[in-house]
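Computed over heavy atoms, backbone and side chain alike; hydrogens, waters and symmetry mates excluded.
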Amino acid sequence: MMDYSFRDHYMPSMAAIQVRLYQLSRLLHDFLPLVYDHLDTLNIPPFVYAAPWMLTLFACHFPLHFAARVMDFILLDGINGMFKIILSLMKHFGLEILSKLDFESTTHFLKDEIPRRILDAEDQVVNEAMKTDVEQQLAMYDVEYNVLKEALPDEPMETVDELKEELSSAKNRVEELECELERQCRRVKAMETKLNRETTEKLQLAQQLRQLQQHLLEHGLAAHFSDNRLIVQPVSSVSVLLTQQSDEDTTPEGNNAVNSHN
């Protein structure tokens with residue numbers, strides 16, 4: 001592991017992995033700019049999908065047969081072989097990566113679809129990796145990373161554990177928001193049910209009132225409200241009452257009252 005520079009990947013600080021992820025990001029920027037820009041726009045850094053590939057040498061998600069071929073390639077070419085394989089994977093599936101337009105579908109494709117479909121593209125990926133030369137670029141990016149790190153001593157780069165903690169916190173927040181959304185949805189549903197029930201009751205009361213009025217008319221009676229009370233009288237009495245109210249409205253006093261009101 002020391003000869004192939006893998007031991008530092010598993011140190012508590014995981015500083016070597018940070019260097020490898022930076023190198024991979026720069027390789028994508030230089031070799032596959034369209035893929036790099038697309039992932040950068042969706043805010044998908046190499047850490048999201050490539051860290052498990054590097055830590056397990058593709059054994060965690062990919063078929064063991066492919067992982068064994070990668071191991072052979074790394075024994076032949078050293079740690080450079082790991083970058084060649086990743087770069088070849090991203091190139092082979094580049095068009096499909098570009099077709100994904102959101103964070104979720106893109107990360108799903110990188111984490112799940114590529115490992116599932118690699119057996120159909122295994123030979124092409126390995127052959128393309130063998131033709132790729134990244135040795136000079138990796139050496140340059142290593143120096144570049146260290147220069148940047150020294151230039152920013154007060155702003156240490158986040159470790160994997162810190163990133164995992166931030167991710168866990170974000171997931172917890174999402175779960176809280178989902179629970180709150182579910183509660184609000186239940187509340188809205190309950191209010192809609194109550195409103196529908198009250199509307200139905202009002203319609204039923206209106207229908208009952210019409211039936212009552214019809215029933216009273218059949219018996220020569222009529223109903224009207226006075227001071228929030230239901231008054232039932234013979235139809236003739238109601239007519240007289242309505243006539244009196246009409247006469248009062250047409251008297252000079254009534255007209256004066258109306259004019260004064262106007």
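With Met90 as reference, Leu39 is the one residue of Val125, Leu24, Leu27, Leu39 to meet the side-chain contact (heavy atoms from CB on, under 4.5 Å) rule.
Looking at heavy atoms from C-beta onward, Leu205 lies in side-chain contact with Gln208 at the 4.5 angstrom threshold. The closest side-chain heavy-atom distance from Met54 to Ile79 is not below 4.5 Å. Side-chain contact between Trp53 and Met82 is absent, with no heavy-atom pair separated by less than 4.5 Å. Counting heavy atoms from C-beta outward, Leu89 and Ile114 have side chains that approach closer than 4.5 Å. With contacts defined as side-chain heavy-atom distances shorter than 4.5 Å, the pair Lys111/Val48 qualifies. Looking at heavy atoms from C-beta onward, Ile86 lies in side-chain contact with Phe58 at the 4.5 angstrom threshold. Between Thr107 and Tyr49, the closest side-chain pair of non-hydrogen atoms is not below 4.5 Å. Between Ile74 and Val70, the closest side-chain pair of non-hydrogen atoms falls below 4.5 Å.
Distance check: Gln137 CD to Glu135 CD gives 9.5 Å after rounding to the nearest 0.5 Å. The line from OG1 of Thr106 to CG of Leu98 is 9.5 Å long, rounded to the nearest 0.5 Å. Rounding to the nearest 0.5 Å gives a distance of 9.0 Å between NZ of Lys131 and OG of Ser88. The NE2 atom of His61 lies 11.5 Å from the CG atom of Leu110; values are rounded to the nearest 0.5 Å. Note that CZ of Phe62 and CD of Glu122 are 11.0 Å apart. Values are rounded to the nearest 0.5 Å. In this structure, OG1 in Thr199 is found 11.0 Å from CD in Gln204, a value given to the nearest 0.5 Å.
At least one donor-acceptor pair closer than 3.5 Å links the side chain of His38 to the backbone N or O of Lys100. Listed for the Lys84 side chain is a donor-acceptor partner under 3.5 Å among the backbone atoms of Thr132. Remark: the backbone N or O of Leu21 is not paired with any side-chain donor or acceptor of Ser25 at under 3.5 angstrom. Under a 3.5 Å cut-off, the side chain of Asp77 and the backbone N or O of Asn80 do not form any donor-acceptor pair. No donor-acceptor pair under 3.5 Å is formed between the side chain of Ser169 and the backbone N or O of Glu165.
Ionic pairing of Glu113 and Arg116 is present here: one or more N-O contacts between side-chain nitrogen and carboxylate oxygen are shorter than 4.0 angstrom. Taking the charged nitrogens against the carboxylate oxygens, Arg26 and Asp142 have no contact shorter than 4.0 Å, which rules out a salt bridge. One finds a salt bridge joining Glu182 and Arg186 here, because a Lys/Arg side-chain nitrogen approaches an Asp/Glu carboxylate oxygen to under 4.0 Å.
By the salt bridge (charged side-chain N to carboxylate O under 4.0 Å, His left out) test, Arg187 is found to be paired with no residue, residues two or more places apart in sequence or in another chain being considered. Partners of Tyr141 by side chain to side chain donor-acceptor pair (under 3.5 Å), not counting sequence neighbours, listed by chain and number: Asp30.
In this structure, Leu177 places its CG atom where more than 12 heavy-atom neighbours from other residues, nucleotides or ligands lie under 6.0 Å away. The number of heavy-atom neighbours closer than 6.0 Å to CD of Gln211, taken from other residues, nucleotides and ligands shown, is above 12.
Cluster membership check: Phe103 does not share its hydrophobic cluster with Leu167, using side-chain heavy-atom separations under 4.5 Å among Ile, Leu, Val, Met, Phe, Trp and Tyr. In terms of hydrophobic clustering, with Ile, Leu, Val, Met, Phe, Trp and Tyr side chains grouped at heavy-atom distances under 4.5 Å, Leu138 and Leu75 are assigned to a common cluster.
Here the closest heavy-atom approach between residue Lys91 and residue Glu128 is recorded as NZ-OE2, 3.0 Å. Shown here for Leu101 and Leu42, the closest heavy-atom pair between the two residues is O-CD2, 3.8 Å. Between Gly94 and Val35 the shortest heavy-atom distance is CA-CG2, 4.1 Å. The two atoms that bring Pro45 and Asn43 nearest to each other are CD-O, 3.4 Å, heavy atoms only. What you find for Ile85 and Phe73 is that their closest heavy atoms are CG1-CD2, 3.8 Å. Across all non-hydrogen atoms, the minimal contact from Ile97 to Phe109 is CG1-CE2, 3.8 Å.
Donor-acceptor pairing under 3.5 Å is recorded for the side chains of Gln184 and Glu180.
Aromatic ring orientation, Tyr36 versus His29: perpendicular (interplanar angle above 60°, classes split at 30° and 60°).
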